[in-house]
Amino acid sequence: MIVRFGYVAMSVHLDNASPSKTMTMTSFSKLADREAGLRRLERIAEENLHNTLRLLKHNRYMGIQVYRMTSKIIPLVTHEELQDWDPYPALAKAFAEVGAFVREHNMRVSFHPDHFTVLSTPREEVFRNSVKDLRNHVRMLEAMGLDESALNNIHVGGSYGDKVKSGKRFIEQFRSIEQRITERITLENDDKTFTAAETLSIAEEVGVPMVLDIHHHEVNPGNELLKDLWPRILQTWDRFPWNVKHANTSHKLPPKLHVSSPKSVTDPRGHADLIEIEQLLRFLVDIASVTPAIDVMIEAKSKDEALMKLMDDFRAIEASGGPIRVIDGGSLEVLS
DNA sequence: ACCTGTCAAGTCTGG
DNA sequence: CCAGACTTGACAGGT
């Protein structure tokens, strides 16, 4: 099984490379010249795209092929008061440049819209805004020229006192959204409400791939065992008809795993600086024989530093005769 | 240079 | 019905 690792949004190794610089609505409103303000927002977005590209180049240098981009690339883009503003023409070149680099180096990039995107909501306005936010994420991926293997990962949402009813509402509302958006969605189990089994059933029902978060599963496990769910989770990725280049061979889009470690005993849901390797290693070894390839998103406070430390730990396991063969700075093979 | 409150957005709990 | 917690990087405004 080939495993590629990725991290989220920013690097602790690159200085002045924030891909999520912003401007608050409060300060935008204070500007006398609205048009000049919009140009300034576009400049910030351009800078964020430039830093995204810098991060991708850093990743390439490190051997890291998987990366989650920040949702905050274009400040205020979905804000109610700026709906007459279309920043995309001005950003076309910057977006295209990022996308070209991703394609050229066979990278896998994704977005994870914030927790304000909730498709299970009973509030019509919240649902509308959620679709608007998703549409913007799709538009960014399209502006990058990335095909439908570049995905937006979301959670099912709140339970509103009746989880079964909310799950049904998610499915119903999901089906009312245009295909251009839904074909780019993946669903992830969360740490409070929808367990892996519940998320999986909904993902199967609407036909989207499921992203498994093993830390969320640990703090919100439900009754199912992961090893029982895994074959079904794997199947949700079967619908991808296209191939992606992957470690010099061609595969379907590999399934995705999210990994983080509990911050502390008192805050088990919080994310620690680094990754404890034990649980992850056990899981990878468990699934290796039935899983040709998987991409693992590291969600640790120390970002790419946590990824590198984890690779060091894998090298130590390889050196002591464990079933690991490290390929480069961001990928390895689990022998089965 | 550093500190503190605030930010576009949602949900849940407790009062 | 409303305030605060949750959680996060970065702005904004202060010292």
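Heavy atoms only: backbone and side chains are in, while hydrogens, waters and symmetry mates are out. In what follows, every chain begins at residue 1, and chains take the letters A, B, ... in the order their sequences are listed. Just so it is clear, the model here is predicted, and its values are computed rather than measured.
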In whole angstrom, give the distance that lies between atom CD of Glu299(A) and atom C1' of dT7(C).
-> 13 Å
Does any pair with a residue in residues 159-194 of chain A pass ring-ring contact (aromatic ring centres under 6.0 Å, His included), and if so which ones, sequence neighbours excluded?
-> Phe170(A)-Phe174(A)
Please list, chain by chain and in numerical order, all residues satisfying side chain to side chain donor-acceptor pair (under 3.5 Å) with Asp86(A), sequence neighbours excluded.
-> Arg139(A)
Whole-Å distance, Leu134(A) CG to dA8(B) P, equals 21 Å
Classify the side chain of Thr117(A) and the base of dA9(B) as holding, or not holding, a donor-acceptor pair under 3.5 Å.
-> no
Does the side chain of Asp304(A) pick up a donor-acceptor pair with the side chain of Ser11(A) at under 3.5 Å?
-> yes
With sequence neighbours excluded, what pairs up with Ser201(A) under the side-chain contact (heavy atoms from CB on, under 4.5 Å) test?
-> Arg232(A)
Looking at residues at least two apart in the chain, or sitting in another chain, which of them share a side-chain contact (heavy atoms from CB on, under 4.5 Å) with Glu142(A)?
-> Val138(A), Arg180(A), Arg184(A)
Checking all strands, does Ser18(A) fall into the base, sugar-phosphate, or nothing category for heavy-atom contacts under 4.0 angstrom?
-> sugar-phosphate
Provide the distance between the two P atoms, one in dG10(B) and one in dA10(C), to the nearest whole Å.
-> 22 Å
Donor + acceptor pair across side chains of Gln279(A), Glu218(A) (<3.5 Å) | yes
The side chain of Ser27(A) lies closest to which of these nucleotides: dC11(C), dT7(C), dA8(B)?
-> dC11(C)
Minimum heavy-atom separation for Arg269(A) to Asp191(A), with atom names?
-> NE-OD2, 3.5 Å
Length of the NZ-C1' vector between Lys165(A) and dT11(B), whole Å = 17 Å
Exercise answer: donor-acceptor pairs, residues 87-100 of chain A side-chain atoms, under 3.5 Å, sequence neighbours excluded:
from	atom 1	to	atom 2	distance (Å)
Tyr88(A)	OH	Asn136(A)	O	3.4
Tyr88(A)	OH	Asn136(A)	OD1	2.7

Starting at atom NE2 of His79(A), determine the distance to atom P of dG10(B), rounded to an integer number of angstrom.
-> 11 Å
Going by distance alone, is a donor N or O of one side chain under 3.5 Å from an acceptor N or O of the other, for Asn189(A) and His155(A)?
-> no
Below 4.0 angstrom from OP1 or OP2 of dG9(C), is there any side-chain N or O of Ser20(A)?
-> no
How far does the P atom of dA8(B) sit from the matching atom of dC1(C), given to the nearest Å?
-> 26 Å
Whole Å only: how far is the NE2 atom of His112(A) from the P atom of dT7(C)?
-> 14 Å
Protein-nucleotides 12-15 of chain B N/O pairs closer than 3.5 Å?
from	atom 1	to	atom 2	distance (Å)
dC12(B)	OP1	Ser159(A)	N	2.8
dC12(B)	OP1	Tyr160(A)	N	3.4

Considering only atom P, compute the distance from dT7(C) to dC2(B) and round it to an integer number of Å.
-> 27 Å
With sugar-phosphate meaning primed atoms plus P, OP1 and OP2, does Lys301(A) contact a base, only sugar-phosphate, or nothing at under 4.0 Å between heavy atoms?
-> sugar-phosphate
Listed once per pair and sorted, the ring-ring contact (aromatic ring centres under 6.0 Å, His included) pairs that draw on residues 14-38 of chain A, sequence neighbours left out | none
Side chain of Met25(A) only, please: which of dA8(B), dA10(C), dA12(C) is the nearest?
-> dA8(B)
Heavy-atom contacts under 4.0 Å between residues 118-132 of chain A and DNA chain B, which residues?
-> Val118(A), Thr121(A), Arg123(A), Val126(A)
Dump the intermediate steps for side-chain contact (heavy atoms from CB on, under 4.5 Å) on Met311(A) and Leu307(A), then the final yes or no.
-> CA-CA 6 Å; Met311(A) 293 306 294; Leu307(A) 192 161; 3.9 Å; yes
Are Asp133(A) and Thr117(A) linked by a side-chain donor-acceptor pair shorter than 3.5 Å?
-> yes
Listed once per pair and sorted, the ring-ring contact (aromatic ring centres under 6.0 Å, His included) pairs that draw on residues 252-294 of chain A, sequence neighbours left out | His215(A)-His271(A), Trp230(A)-Phe283(A)
Quick one: Asp267(A) CG to dC6(C) C1', roughly how many Å, whole number?
-> 10 Å
Side-chain N or O of Thr24(A) closer than 4.0 Å to phosphate OP1/OP2 of dA12(C) | yes
Phe116(A) ring over dA9(B) six-membered base ring, under 5.5 Å and 30° | yes
Solution key, residues 313-331 of chain A side-chain donor-acceptor pairs under 3.5 Å, sequence neighbours excluded:
from	atom 1	to	atom 2	distance (Å)
Arg315(A)	NH1	Asp312(A)	OD1	2.8
Glu318(A)	OE1	Val326(A)	N	3.1
Ser320(A)	OG	Ala316(A)	O	3.3
Ser320(A)	OG	Ile317(A)	O	3.1
Arg325(A)	NE	Glu333(A)	OE1	3.2
Arg325(A)	NH2	Glu333(A)	OE1	2.6
Asp328(A)	OD1	Gly330(A)	N	3.0
Asp328(A)	OD1	Ser331(A)	N	3.0
Asp328(A)	OD1	Ser331(A)	OG	2.8

Atom-to-atom span, NZ of Lys72(A) to C1' of dG9(C) - whole angstrom = 6 Å
Here DNA chain C, pairs taken as Watson-Crick or G-U under 3.5 Å and shown with ( ), [ ] when crossing and | when to another strand, reads ||||||..|||||||
Between protein and nucleotides 13-15 of chain C, what N or O pairs are separated by less than 3.5 Å?
from	atom 1	to	atom 2	distance (Å)
dG13(C)	OP1	Lys30(A)	NZ	2.7

To the nearest Å, how far apart are Ile154(A) CD1 and dG10(B) C1'?
-> 14 Å
Please report the closest heavy-atom contact between Ala197(A) and Glu224(A), naming both atoms and the distance.
-> CB-CG, 3.2 Å
